[in-house]
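Written below as structure tokens is the structure these notes are about.
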Amino acid sequence: MKYLVISKGESMLHESEKETIAKAKDILQKAMDSGKVEACYGLVAGGTVWVINADSHAALARGLRAYNLASAHDVEVYPIVDGMAAIEAHHKHA
């Protein structure tokens, strides 16, 4: 399942040490390489937008807790589906 996760507010890395930022970069790269994180973007106003692949709502909740994302930020989570697949499904049943 894919989720759009929008985390608003100050970055978790704000005023972090260089080593902490390097570790976060490595963790993000591993998550992207594994396919758990499909995309990650920064918001100009502050915060991040993620496309996350998780096996279930529970798996996503555990992941958010592991990164303290849910407790540290104003976070919105939206399950999302492939746009072309949704259009095709509607087309078949129209």
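The structure presented is a predicted model; accordingly, all values stated were derived computationally and were not measured.
Residues Tyr78 and Val5 are not in side-chain contact: their nearest non-hydrogen atoms beyond the backbone lie 4.5 Å or more apart. You'll find the side chain of Ile6 stays beyond 4.5 Å of the side chain of Val77, heavy atoms only. Using a 4.5 Å heavy-atom threshold, the side chains of Glu19 and Ile21 count as separate. The side-chain heavy atoms of Leu28 and Cys40, taken from C-beta on, include a pair separated by under 4.5 Å. By the 4.5 Å heavy-atom criterion applied to side chains, Leu43 and Thr48 are not counted as neighbours. Within the 4.5 Å cutoff, no side-chain heavy atoms of Glu76 are placed close to those of Ser7.
The side chain to side chain donor-acceptor pair (under 3.5 Å) contacts involving residues 81-94 comprise nothing, where partners must be two or more places apart or lie in separate chains. Residue pairs satisfying the side chain to side chain donor-acceptor pair (under 3.5 Å) criterion with at least one member in residues 36-45, sequence neighbours excluded, are listed as follows: Lys2-Glu38, Glu38-Asn53. The salt bridge (Lys or Arg N to Asp or Glu O under 4.0 Å) analysis of residues 42-57, with sequence neighbours excluded, yields no pairs.
The same ILVMFWY cluster, assembled from side-chain heavy atoms under 4.5 Å apart, contains both Val75 and Met1.
Qualifying side chain to side chain contact (heavy atoms under 4.5 Å, CB included) partners for Ile27, counting only residues two or more places apart in sequence or in other chains: Lys23, Tyr67. Listed by chain and residue number, Gln29 satisfy the side chain to side chain donor-acceptor pair (under 3.5 Å) test with Asp33 (two or more places apart in sequence, or in another chain). Residues passing the side chain to side chain contact (heavy atoms under 4.5 Å, CB included) test with Ala31 are Val37, sequence neighbours excluded.
Between the CG atom of Leu60 and the CH2 atom of Trp50 there is a distance of 12.0 Å, given to the nearest 0.5 Å.
When all heavy atoms of Ala54 and Tyr3 are compared, the closest pair comes out as CB-CE1, 3.9 Å. When all heavy atoms are compared, the tightest approach of Pro79 to His57 is CG-CE1, 4.3 Å.
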